[in-house]
**Student:** 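Below you will find the structure I want to go over with you.
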2 protein chains.
Amino acid sequence: MTTILVVDDEPAILRTVKAGLVARGYEVQTASSGREALFLLTARTPDAALLDLALGDMDGVEICRTVRSWSDVPIIVLSAEGSEHRKVVALDEGADDYVTKPFSMPELLARVRVALRRRADPRGADDPVLVCGGLEIDLARHVVTQAGVAVELTPKEFAMLAALARHPGRVLTHRTILHEVWGPGYDTETQYLRVYASQIRKKLGRAGGAMLVAEPGIGYRLVDPADA
Amino acid sequence: MTTILVVDDEPAILRTVKAGLVARGYEVQTASSGREALFLLTARTPDAALLDLALGDMDGVEICRTVRSWSDVPIIVLSAEGSEHRKVVALDEGADDYVTKPFSMPELLARVRVALRRRADPRGADDPVLVCGGLEIDLARHVVTQAGVAVELTPKEFAMLAALARHPGRVLTHRTILHEVWGPGYDTETQYLRVYASQIRKKLGRAGGAMLVAEPGIGYRLVDPADA
DNA sequence: TGCCGTCTTGATCGATTCTTGATCCCTCCT
DNA sequence: AGGAGGGATCAAGAATCGATCAAGACGGCA
(Lines give C-alpha, C1' and ligand atoms only; values in the text may rest on other atoms or scores of the structure.)
Protein backbone atom coordinates (compact mmCIF):
# COMPACT_ATOMS: atom_id res chain seq x y z
CA MET A 1 0.00 0.00 0.00
CA THR A 2 1.35 3.40 -0.97
CA THR A 3 0.90 6.05 1.70
CA ILE A 4 0.84 9.80 1.10
CA LEU A 5 1.07 12.39 3.85
CA VAL A 6 -0.90 15.59 3.25
CA VAL A 7 -0.07 18.64 5.36
CA ASP A 8 -2.22 21.76 5.25
CA ASP A 9 -3.85 23.97 7.86
CA GLU A 10 -6.99 24.59 5.81
CA PRO A 11 -9.41 21.74 6.44
CA ALA A 12 -11.11 22.33 3.09
CA ILE A 13 -7.92 21.76 1.11
CA LEU A 14 -7.07 18.78 3.25
CA ARG A 15 -10.41 17.17 2.50
CA THR A 16 -10.26 17.84 -1.23
CA VAL A 17 -6.76 16.54 -1.70
CA LYS A 18 -7.37 13.53 0.47
CA ALA A 19 -10.49 12.63 -1.51
CA GLY A 20 -8.59 12.82 -4.79
CA LEU A 21 -5.78 10.63 -3.53
CA VAL A 22 -8.04 8.06 -1.91
CA ALA A 23 -10.00 7.81 -5.15
CA ARG A 24 -6.78 6.77 -6.87
CA GLY A 25 -6.16 4.06 -4.32
CA TYR A 26 -3.59 5.70 -2.07
CA GLU A 27 -3.56 5.45 1.68
CA VAL A 28 -3.65 9.01 3.07
CA GLN A 29 -2.44 10.49 6.35
CA THR A 30 -3.20 14.11 7.17
CA ALA A 31 -1.59 16.69 9.39
CA SER A 32 -2.47 20.31 9.98
CA SER A 33 0.63 21.56 11.73
CA GLY A 34 4.36 21.32 11.29
CA ARG A 35 4.86 19.38 14.49
CA GLU A 36 2.28 16.84 13.53
CA ALA A 37 3.81 16.52 10.07
CA LEU A 38 7.29 15.86 11.43
CA PHE A 39 5.92 13.33 13.86
CA LEU A 40 4.14 11.37 11.14
CA LEU A 41 7.15 11.56 8.85
CA THR A 42 9.34 9.92 11.46
CA ALA A 43 6.81 7.54 12.96
CA ARG A 44 4.95 6.32 9.87
CA THR A 45 7.38 7.00 7.01
CA PRO A 46 4.93 7.75 4.18
CA ASP A 47 5.99 7.21 0.57
CA ALA A 48 5.56 10.87 -0.35
CA ALA A 49 4.42 14.11 1.25
CA LEU A 50 2.32 17.03 0.03
CA LEU A 51 3.25 20.04 2.07
CA ASP A 52 1.62 23.44 2.38
CA LEU A 53 4.15 26.20 2.99
CA ALA A 54 2.02 28.35 5.25
CA LEU A 55 1.50 26.46 8.47
CA GLY A 56 0.72 27.94 11.82
CA ASP A 57 3.65 26.72 13.82
CA MET A 58 6.50 26.21 11.36
CA ASP A 59 7.61 27.42 7.99
CA GLY A 60 7.28 24.82 5.27
CA VAL A 61 10.82 25.43 4.10
CA GLU A 62 12.08 24.68 7.57
CA ILE A 63 10.22 21.37 7.49
CA CYS A 64 11.83 20.53 4.15
CA ARG A 65 15.27 21.17 5.50
CA THR A 66 14.64 19.19 8.66
CA VAL A 67 13.23 16.21 6.84
CA ARG A 68 16.01 16.23 4.28
CA SER A 69 18.56 15.82 7.03
CA TRP A 70 17.48 12.25 7.50
CA SER A 71 15.16 11.21 4.69
CA ASP A 72 14.84 11.29 0.92
CA VAL A 73 11.06 11.03 0.96
CA PRO A 74 9.65 12.95 -2.04
CA ILE A 75 8.13 16.28 -1.00
CA ILE A 76 5.75 18.24 -3.19
CA VAL A 77 5.09 21.75 -1.93
CA LEU A 78 1.61 23.18 -2.37
CA SER A 79 1.40 26.89 -1.93
CA ALA A 80 -0.85 29.83 -2.53
CA GLU A 81 2.19 32.03 -2.82
CA GLY A 82 3.41 32.40 -6.36
CA SER A 83 6.47 34.29 -5.18
CA GLU A 84 9.35 33.22 -7.32
CA HIS A 85 11.81 33.62 -4.49
CA ARG A 86 9.85 31.31 -2.22
CA LYS A 87 9.77 28.71 -4.94
CA VAL A 88 13.50 28.82 -5.43
CA VAL A 89 14.19 28.61 -1.71
CA ALA A 90 11.80 25.71 -1.19
CA LEU A 91 13.21 23.76 -4.13
CA ASP A 92 16.78 24.36 -2.99
CA GLU A 93 16.00 23.29 0.54
CA GLY A 94 14.86 19.89 -0.54
CA ALA A 95 11.41 20.08 -2.12
CA ASP A 96 11.05 17.93 -5.22
CA ASP A 97 8.26 19.92 -6.81
CA TYR A 98 6.29 23.10 -6.23
CA VAL A 99 2.65 23.43 -7.23
CA THR A 100 0.81 26.74 -6.97
CA LYS A 101 -2.76 26.89 -5.70
CA PRO A 102 -5.24 26.68 -7.16
CA PHE A 103 -4.06 23.52 -8.83
CA SER A 104 -5.81 20.91 -10.91
CA MET A 105 -6.26 17.56 -9.29
CA PRO A 106 -5.24 15.49 -12.33
CA GLU A 107 -2.00 17.44 -12.62
CA LEU A 108 -1.27 17.03 -8.93
CA LEU A 109 -1.88 13.32 -9.21
CA ALA A 110 0.45 13.10 -12.18
CA ARG A 111 3.16 14.89 -10.21
CA VAL A 112 2.62 12.51 -7.32
CA ARG A 113 3.12 9.61 -9.73
CA VAL A 114 6.36 11.18 -10.92
CA ALA A 115 7.56 11.52 -7.34
CA LEU A 116 6.66 7.93 -6.52
CA ARG A 117 8.17 6.61 -9.74
CA ARG A 118 11.52 7.99 -8.74
CA ARG A 119 11.28 6.43 -5.35
CA ALA A 120 10.26 3.05 -6.69
CA ASP A 121 13.12 2.19 -9.00
CA PRO A 122 16.21 3.37 -7.21
CA ARG A 123 19.25 1.50 -6.12
CA GLY A 124 18.19 -0.52 -3.07
CA ALA A 125 16.12 1.11 -0.38
CA ASP A 126 18.59 2.92 1.79
CA ASP A 127 19.11 1.74 5.30
CA PRO A 128 18.62 4.94 7.23
CA VAL A 129 21.27 3.95 9.78
CA LEU A 130 24.72 5.45 9.44
CA VAL A 131 27.60 3.47 10.87
CA CYS A 132 31.03 4.83 11.70
CA GLY A 133 33.38 3.04 14.01
CA GLY A 134 31.35 1.73 16.95
CA LEU A 135 28.71 4.39 16.35
CA GLU A 136 25.30 3.73 14.87
CA ILE A 137 23.17 6.70 13.99
CA ASP A 138 19.50 6.10 13.22
CA LEU A 139 18.48 9.21 11.33
CA ALA A 140 14.76 8.52 11.33
CA ARG A 141 14.48 7.72 15.03
CA HIS A 142 17.03 10.24 16.22
CA VAL A 143 18.84 7.59 18.23
CA VAL A 144 22.57 7.08 18.56
CA THR A 145 24.11 3.95 20.00
CA GLN A 146 27.75 3.33 20.73
CA ALA A 147 28.87 -0.26 21.04
CA GLY A 148 25.22 -1.14 21.54
CA VAL A 149 24.39 1.31 24.33
CA ALA A 150 22.28 4.37 23.68
CA VAL A 151 23.84 7.81 23.84
CA GLU A 152 21.62 10.69 24.93
CA LEU A 153 22.07 13.63 22.60
CA THR A 154 20.17 16.90 22.36
CA PRO A 155 18.62 17.76 18.97
CA LYS A 156 21.45 20.08 17.89
CA GLU A 157 24.09 17.63 19.06
CA PHE A 158 22.38 14.91 17.09
CA ALA A 159 22.08 17.06 13.99
CA MET A 160 25.74 17.97 14.05
CA LEU A 161 26.87 14.40 14.55
CA ALA A 162 24.55 13.19 11.81
CA ALA A 163 25.81 15.82 9.39
CA LEU A 164 29.37 14.65 9.95
CA ALA A 165 28.46 10.97 9.84
CA ARG A 166 26.83 11.41 6.46
CA HIS A 167 30.30 11.96 4.99
CA PRO A 168 32.54 9.75 7.12
CA GLY A 169 36.21 10.57 7.03
CA ARG A 170 35.61 13.76 5.17
CA VAL A 171 36.13 17.34 6.29
CA LEU A 172 33.02 19.48 6.41
CA THR A 173 33.71 23.19 6.55
CA HIS A 174 32.41 25.29 9.40
CA ARG A 175 30.03 26.96 6.97
CA THR A 176 28.65 23.67 5.75
CA ILE A 177 27.92 22.30 9.20
CA LEU A 178 26.41 25.54 10.43
CA HIS A 179 24.23 25.74 7.36
CA GLU A 180 23.06 22.18 7.72
CA VAL A 181 22.38 22.26 11.46
CA TRP A 182 21.41 25.86 12.20
CA GLY A 183 20.22 26.89 8.75
CA PRO A 184 21.24 29.92 6.72
CA GLY A 185 22.27 33.05 8.61
CA TYR A 186 24.57 31.36 11.10
CA ASP A 187 27.53 30.99 8.74
CA THR A 188 29.95 32.80 11.03
CA GLU A 189 28.98 31.38 14.42
CA THR A 190 31.89 28.99 14.61
CA GLN A 191 31.80 29.19 18.39
CA TYR A 192 28.63 27.06 18.36
CA LEU A 193 30.60 24.34 16.69
CA ARG A 194 33.29 24.36 19.35
CA VAL A 195 30.73 24.17 22.12
CA TYR A 196 28.82 21.33 20.52
CA ALA A 197 31.91 19.44 19.44
CA SER A 198 33.00 19.58 23.04
CA GLN A 199 29.67 18.29 24.36
CA ILE A 200 29.49 15.51 21.81
CA ARG A 201 32.99 14.37 22.72
CA LYS A 202 32.09 14.37 26.37
CA LYS A 203 29.02 12.21 25.77
CA LEU A 204 30.83 9.81 23.48
CA GLY A 205 33.50 9.19 26.06
CA ARG A 206 37.17 8.70 25.58
CA ALA A 207 37.34 6.45 22.53
CA GLY A 208 34.31 7.89 20.75
CA GLY A 209 35.29 11.48 21.38
CA ALA A 210 38.56 10.95 19.57
CA MET A 211 36.62 10.24 16.37
CA LEU A 212 35.48 13.86 16.11
CA VAL A 213 38.55 15.78 15.04
CA ALA A 214 38.97 19.46 14.25
CA GLU A 215 40.72 20.59 11.11
CA PRO A 216 42.13 23.95 12.15
CA GLY A 217 40.94 26.77 9.99
CA ILE A 218 38.72 24.46 7.94
CA GLY A 219 36.10 22.53 9.85
CA TYR A 220 35.50 19.15 11.45
CA ARG A 221 35.44 15.54 10.37
CA LEU A 222 34.34 12.22 11.85
CA VAL A 223 36.95 9.52 11.39
CA ASP A 224 36.41 5.79 11.58
CA PRO A 225 39.23 4.47 13.76
CA ALA A 226 39.27 1.37 11.54
CA ASP A 227 40.64 3.17 8.51
CA ALA A 228 43.50 5.67 8.38
CA MET B 1 31.34 19.69 -15.94
CA THR B 2 27.56 19.39 -15.87
CA THR B 3 25.96 19.41 -19.28
CA ILE B 4 22.36 20.39 -20.04
CA LEU B 5 20.62 19.75 -23.35
CA VAL B 6 18.09 22.40 -24.40
CA VAL B 7 15.62 21.51 -27.11
CA ASP B 8 13.33 24.13 -28.66
CA ASP B 9 12.46 25.19 -32.17
CA GLU B 10 12.26 28.88 -31.35
CA PRO B 11 15.76 30.36 -31.55
CA ALA B 12 14.81 33.17 -29.17
CA ILE B 13 13.87 30.77 -26.37
CA LEU B 14 16.94 28.69 -27.06
CA ARG B 15 19.19 31.71 -26.70
CA THR B 16 17.54 32.96 -23.52
CA VAL B 17 17.62 29.63 -21.75
CA LYS B 18 21.13 28.88 -22.87
CA ALA B 19 22.36 32.24 -21.58
CA GLY B 20 20.79 31.63 -18.18
CA LEU B 21 22.32 28.18 -17.87
CA VAL B 22 25.75 29.22 -19.04
CA ALA B 23 25.72 32.07 -16.54
CA ARG B 24 25.31 29.48 -13.80
CA GLY B 25 28.28 27.53 -15.02
CA TYR B 26 26.61 24.72 -16.93
CA GLU B 27 27.78 23.39 -20.24
CA VAL B 28 24.91 23.71 -22.72
CA GLN B 29 24.06 21.79 -25.87
CA THR B 30 21.17 22.91 -28.03
CA ALA B 31 18.91 21.18 -30.48
CA SER B 32 15.99 22.53 -32.49
CA SER B 33 14.40 19.31 -33.70
CA GLY B 34 13.43 15.97 -32.25
CA ARG B 35 15.90 14.04 -34.38
CA GLU B 36 18.74 16.26 -33.31
CA ALA B 37 17.69 15.96 -29.67
CA LEU B 38 17.63 12.18 -29.76
CA PHE B 39 21.01 12.11 -31.45
CA LEU B 40 22.60 14.30 -28.78
CA LEU B 41 20.95 12.34 -26.00
CA THR B 42 22.54 9.14 -27.21
CA ALA B 43 25.85 10.51 -28.41
CA ARG B 44 26.69 13.02 -25.72
CA THR B 45 24.62 11.86 -22.73
CA PRO B 46 23.90 15.21 -21.05
CA ASP B 47 23.15 15.32 -17.33
CA ALA B 48 19.65 16.72 -17.86
CA ALA B 49 17.40 17.87 -20.70
CA LEU B 50 15.01 20.78 -21.13
CA LEU B 51 12.51 19.81 -23.76
CA ASP B 52 9.92 21.87 -25.61
CA LEU B 53 6.82 19.89 -26.46
CA ALA B 54 6.07 21.53 -29.78
CA LEU B 55 8.79 20.56 -32.22
CA GLY B 56 8.53 20.42 -35.98
CA ASP B 57 9.30 16.82 -36.61
CA MET B 58 8.33 14.93 -33.48
CA ASP B 59 6.04 15.31 -30.54
CA GLY B 60 7.78 15.98 -27.26
CA VAL B 61 5.88 13.25 -25.51
CA GLU B 62 7.13 10.78 -28.08
CA ILE B 63 10.67 11.85 -27.34
CA CYS B 64 10.10 11.33 -23.63
CA ARG B 65 8.85 7.82 -24.21
CA THR B 66 11.69 6.94 -26.55
CA VAL B 67 14.36 8.24 -24.21
CA ARG B 68 12.86 6.52 -21.21
CA SER B 69 13.22 3.17 -22.90
CA TRP B 70 16.98 3.36 -22.41
CA SER B 71 17.84 6.26 -20.12
CA ASP B 72 16.88 7.82 -16.80
CA VAL B 73 18.24 11.25 -17.69
CA PRO B 74 16.09 13.91 -15.99
CA ILE B 75 13.75 15.63 -18.43
CA ILE B 76 12.07 18.94 -17.75
CA VAL B 77 9.35 19.81 -20.24
CA LEU B 78 8.92 23.45 -21.25
CA SER B 79 5.66 24.19 -22.96
CA ALA B 80 3.45 27.05 -23.98
CA GLU B 81 0.48 24.77 -23.67
CA GLY B 82 -1.15 24.94 -20.30
CA SER B 83 -3.47 22.09 -21.23
CA GLU B 84 -3.87 19.96 -18.19
CA HIS B 85 -4.22 16.82 -20.24
CA ARG B 86 -0.93 17.39 -22.02
CA LYS B 87 0.80 17.88 -18.70
CA VAL B 88 -0.53 14.65 -17.33
CA VAL B 89 0.45 12.73 -20.44
CA ALA B 90 3.94 14.17 -20.54
CA LEU B 91 4.55 13.50 -16.86
CA ASP B 92 3.25 9.95 -17.17
CA GLU B 93 5.39 9.29 -20.21
CA GLY B 94 8.57 9.99 -18.36
CA ALA B 95 9.01 13.74 -17.90
CA ASP B 96 10.26 14.68 -14.45
CA ASP B 97 8.82 18.17 -14.42
CA TYR B 98 6.63 20.42 -16.53
CA VAL B 99 7.13 24.17 -16.67
CA THR B 100 4.66 26.40 -18.49
CA LYS B 101 5.88 29.29 -20.63
CA PRO B 102 6.40 32.02 -19.90
CA PHE B 103 8.55 30.87 -17.01
CA SER B 104 10.90 32.69 -14.72
CA MET B 105 14.55 31.90 -15.16
CA PRO B 106 15.36 31.61 -11.44
CA GLU B 107 12.58 29.10 -11.01
CA LEU B 108 13.69 27.10 -14.00
CA LEU B 109 17.24 27.04 -12.66
CA ALA B 110 15.98 25.85 -9.29
CA ARG B 111 14.07 23.03 -10.96
CA VAL B 112 17.17 22.08 -12.91
CA ARG B 113 19.06 21.86 -9.63
CA VAL B 114 16.35 19.60 -8.24
CA ALA B 115 16.66 17.32 -11.27
CA LEU B 116 20.45 17.20 -11.00
CA ARG B 117 20.38 16.68 -7.25
CA ARG B 118 18.62 13.38 -7.68
CA ARG B 119 21.32 12.12 -9.96
CA ALA B 120 24.08 13.25 -7.67
CA ASP B 121 24.53 11.18 -4.55
CA PRO B 122 25.88 7.70 -5.33
CA ARG B 123 28.31 6.96 -2.54
CA GLY B 124 31.69 6.52 -4.10
CA ALA B 125 31.47 10.03 -5.49
CA ASP B 126 35.08 11.06 -5.68
CA ASP B 127 35.98 14.67 -5.22
CA PRO B 128 37.74 16.55 -7.93
CA VAL B 129 41.44 16.15 -7.24
CA LEU B 130 44.28 18.21 -8.63
CA VAL B 131 47.27 16.09 -9.60
CA CYS B 132 50.79 17.28 -10.24
CA GLY B 133 53.71 14.91 -10.12
CA GLY B 134 53.26 12.68 -7.08
CA LEU B 135 51.05 15.28 -5.44
CA GLU B 136 47.31 14.93 -5.09
CA ILE B 137 45.34 17.87 -3.80
CA ASP B 138 41.75 17.24 -2.77
CA LEU B 139 40.15 20.66 -2.61
CA ALA B 140 36.91 19.48 -1.00
CA ARG B 141 38.60 17.59 1.82
CA HIS B 142 41.49 19.99 2.21
CA VAL B 143 43.86 17.05 2.09
CA VAL B 144 47.18 16.76 0.30
CA THR B 145 48.89 13.44 -0.30
CA GLN B 146 52.30 12.82 -1.73
CA ALA B 147 52.98 9.39 -3.11
CA GLY B 148 49.98 8.21 -1.09
CA VAL B 149 50.96 9.61 2.30
CA ALA B 150 49.18 12.60 3.79
CA VAL B 151 51.04 15.89 4.13
CA GLU B 152 50.03 18.16 7.01
CA LEU B 153 49.60 21.71 5.78
CA THR B 154 48.28 24.78 7.56
CA PRO B 155 45.38 26.63 5.90
CA LYS B 156 47.54 29.27 4.25
CA GLU B 157 50.05 26.70 3.08
CA PHE B 158 47.24 24.66 1.61
CA ALA B 159 45.68 27.67 -0.09
CA MET B 160 48.96 28.69 -1.68
CA LEU B 161 49.74 25.20 -2.93
CA ALA B 162 46.22 24.79 -4.26
CA ALA B 163 46.41 28.11 -6.10
CA LEU B 164 49.58 26.99 -7.84
CA ALA B 165 48.29 23.50 -8.54
CA ARG B 166 45.23 24.91 -10.26
CA HIS B 167 47.52 26.00 -13.09
CA PRO B 168 50.24 23.34 -13.19
CA GLY B 169 53.40 24.38 -14.96
CA ARG B 170 52.31 27.98 -15.33
CA VAL B 171 53.81 30.95 -13.57
CA LEU B 172 51.55 32.83 -11.19
CA THR B 173 52.67 36.34 -10.36
CA HIS B 174 53.29 37.39 -6.80
CA ARG B 175 50.26 39.64 -6.99
CA THR B 176 48.03 36.83 -8.19
CA ILE B 177 48.99 34.43 -5.45
CA LEU B 178 48.80 37.03 -2.72
CA HIS B 179 45.41 38.13 -3.97
CA GLU B 180 44.09 34.59 -4.07
CA VAL B 181 45.41 33.44 -0.69
CA TRP B 182 45.49 36.57 1.46
CA GLY B 183 42.83 38.57 -0.34
CA PRO B 184 42.99 42.14 -1.58
CA GLY B 185 45.28 44.54 0.24
CA TYR B 186 48.30 42.26 0.49
CA ASP B 187 49.54 42.75 -3.06
CA THR B 188 53.00 43.88 -2.01
CA GLU B 189 53.77 41.43 0.80
CA THR B 190 56.00 39.22 -1.32
CA GLN B 191 57.93 38.23 1.78
CA TYR B 192 54.94 36.13 2.87
CA LEU B 193 55.37 34.11 -0.30
CA ARG B 194 58.99 33.39 0.44
CA VAL B 195 58.19 32.26 3.96
CA TYR B 196 55.36 29.99 2.88
CA ALA B 197 57.17 28.64 -0.15
CA SER B 198 59.93 27.69 2.22
CA GLN B 199 57.63 25.91 4.64
CA ILE B 200 55.82 24.07 1.87
CA ARG B 201 59.12 22.85 0.44
CA LYS B 202 60.17 21.69 3.87
CA LYS B 203 56.98 19.68 4.32
CA LEU B 204 57.09 18.21 0.85
CA GLY B 205 60.59 16.93 1.37
CA ARG B 206 63.44 16.81 -1.03
CA ALA B 207 61.80 15.63 -4.24
CA GLY B 208 58.49 17.41 -3.72
CA GLY B 209 60.07 20.66 -2.67
CA ALA B 210 61.89 20.88 -5.97
CA MET B 211 58.54 21.12 -7.74
CA LEU B 212 57.88 24.57 -6.30
CA VAL B 213 60.19 26.87 -8.21
CA ALA B 214 60.59 30.62 -8.00
CA GLU B 215 60.62 32.75 -11.11
CA PRO B 216 62.77 35.69 -10.04
CA GLY B 217 61.02 39.00 -10.34
CA ILE B 218 57.79 37.34 -11.52
CA GLY B 219 56.29 34.80 -9.18
CA TYR B 220 56.15 31.05 -8.58
CA ARG B 221 55.13 27.95 -10.44
CA LEU B 222 54.51 24.31 -9.64
CA VAL B 223 56.21 22.03 -12.16
CA ASP B 224 55.43 18.41 -12.84
CA PRO B 225 58.80 16.62 -12.92
CA ALA B 226 57.37 14.36 -15.61
CA ASP B 227 57.22 17.06 -18.28
CA ALA B 228 59.79 19.74 -19.10
C1' DT C 1 3.34 30.01 36.97
C1' DG C 2 7.52 27.66 37.92
C1' DC C 3 10.56 23.91 36.62
C1' DC C 4 13.62 21.70 33.51
C1' DG C 5 16.39 20.79 29.62
C1' DT C 6 18.39 23.05 25.74
C1' DC C 7 20.51 26.77 23.41
C1' DT C 8 23.29 30.92 23.35
C1' DT C 9 26.88 33.83 24.90
C1' DG C 10 31.03 35.31 27.35
C1' DA C 11 35.51 34.33 29.62
C1' DT C 12 39.66 31.85 30.00
C1' DC C 13 43.49 28.87 28.79
C1' DG C 14 46.52 26.43 25.73
C1' DA C 15 48.09 25.45 21.13
C1' DT C 16 48.79 26.51 16.53
C1' DT C 17 49.39 29.68 12.95
C1' DC C 18 50.59 34.10 11.04
C1' DT C 19 53.46 38.03 10.73
C1' DT C 20 57.66 40.36 10.94
C1' DG C 21 62.56 41.33 11.20
C1' DA C 22 67.29 39.64 10.85
C1' DT C 23 70.62 37.10 8.35
C1' DC C 24 72.67 34.53 4.69
C1' DC C 25 72.81 33.11 -0.17
C1' DC C 26 72.78 33.35 -5.14
C1' DT C 27 72.87 35.75 -9.62
C1' DC C 28 73.47 39.35 -12.61
C1' DC C 29 75.65 43.63 -13.88
C1' DT C 30 79.24 47.03 -14.23
C1' DA D 1 85.67 41.86 -7.64
C1' DG D 2 82.12 44.32 -5.60
C1' DG D 3 77.50 45.82 -5.10
C1' DA D 4 72.47 45.58 -5.78
C1' DG D 5 68.34 43.06 -6.02
C1' DG D 6 65.78 39.21 -5.20
C1' DG D 7 65.28 34.86 -2.82
C1' DA D 8 65.69 31.34 1.24
C1' DT D 9 65.69 30.35 5.87
C1' DC D 10 65.25 30.94 10.84
C1' DA D 11 63.22 32.41 14.98
C1' DA D 12 60.45 35.28 18.15
C1' DG D 13 56.37 37.97 19.19
C1' DA D 14 51.54 38.76 17.91
C1' DA D 15 47.23 37.24 16.50
C1' DT D 16 44.11 33.70 15.73
C1' DC D 17 41.78 29.47 16.59
C1' DG D 18 40.08 25.61 19.38
C1' DA D 19 38.57 23.43 23.92
C1' DT D 20 36.27 23.85 27.90
C1' DC D 21 33.63 25.78 31.70
C1' DA D 22 29.94 28.31 33.38
C1' DA D 23 26.41 31.66 33.57
C1' DG D 24 22.27 33.57 31.59
C1' DA D 25 18.32 33.28 27.98
C1' DC D 26 14.83 30.81 25.96
C1' DG D 27 11.05 27.70 25.36
C1' DG D 28 8.24 23.64 26.33
C1' DC D 29 5.61 21.29 29.71
C1' DA D 30 3.34 20.16 34.02
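Just so it is clear: chains get the letters A, B, ... in the order the sequence lines come, proteins before strands, and each one is counted from 1.
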**Student:** Give the nucleotide from the list D:dT9, D:dT20, C:dC7 with an atom nearest to the side chain of B:Arg201.
**Tutor:** D:dT9
**Student:** Report the nucleotide, chosen from D:dC21, D:dT9, D:dT20, that has the shortest atom-to-atom distance to any side-chain atom of A:Gln191.
**Tutor:**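 The closest nucleotide is D:dT20.
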**Student:** Could you tell me whether the phosphate oxygens of C:dC18, OP1 or OP2, come under 4.0 Å of any side-chain nitrogen or oxygen in B:Thr154?
**Tutor:** yes
**Student:** Does C:dC7 have its OP1 or OP2 closer than 4.0 Å to a side-chain nitrogen or oxygen of A:Trp182?
**Tutor:**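 Answer no for this pair, as no side-chain N or O of A:Trp182 is under 4.0 Å from OP1 or OP2.
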**Student:** May I have all residue pairs that pass salt bridge (charged side-chain N to carboxylate O under 4.0 Å, His left out) and include part of residues 171-196 of chain B, sequence neighbours excluded?
**Tutor:**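 For residues 171-196 of chain B, and leaving out neighbouring residues, the salt bridge (charged side-chain N to carboxylate O under 4.0 Å, His left out) pairs sorted by first residue read B:Arg166-B:Glu180, B:Arg175-B:Asp187.
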**Student:** Is A:Arg86 salt-bridged to A:Asp59, cutoff N-O under 4.0 Å?
**Tutor:** yes
**Student:** So, does A:Tyr220 get its side chain near the phosphate of D:dA19, meaning an N or O under 4.0 Å from OP1 or OP2?
**Tutor:** yes
**Student:** When you check the phosphate oxygens OP1 and OP2 of D:dT20, does a side-chain N or O of A:Arg194 lie under 4.0 Å from one of them?
**Tutor:** no
**Student:** Could you tell me whether the phosphate oxygens of C:dT19, OP1 or OP2, come under 4.0 Å of any side-chain nitrogen or oxygen in B:Lys156?
**Tutor:**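 So the side chain of B:Lys156 is outside the cut-off, no N or O lying under 4.0 Å from OP1 or OP2 of C:dT19.
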**Student:** Considering just the side-chain nitrogens and oxygens of A:Tyr192, establish if one lies under 4.0 Å of OP1 or OP2 belonging to C:dC7.
**Tutor:**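 Answer no for this pair, as no side-chain N or O of A:Tyr192 is under 4.0 Å from OP1 or OP2.
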**Student:** If the cut-off is 4.0 Å, is A:Ser198 near the phosphate of D:dA19, judged by side-chain N/O to OP1 or OP2?
**Tutor:** no
**Student:** Among the nucleotides C:dT20, C:dC18, D:dT20, which one has an atom lying closest to any side-chain atom of B:Tyr196?
**Tutor:**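 Nearest to the side-chain atoms of B:Tyr196, counting from C-beta on, is C:dC18.
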**Student:** Is there a side-chain polar atom (N or O) of A:His174 under 4.0 Å from OP1 or OP2 of D:dG18?
**Tutor:**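 Yes, such a contact exists.
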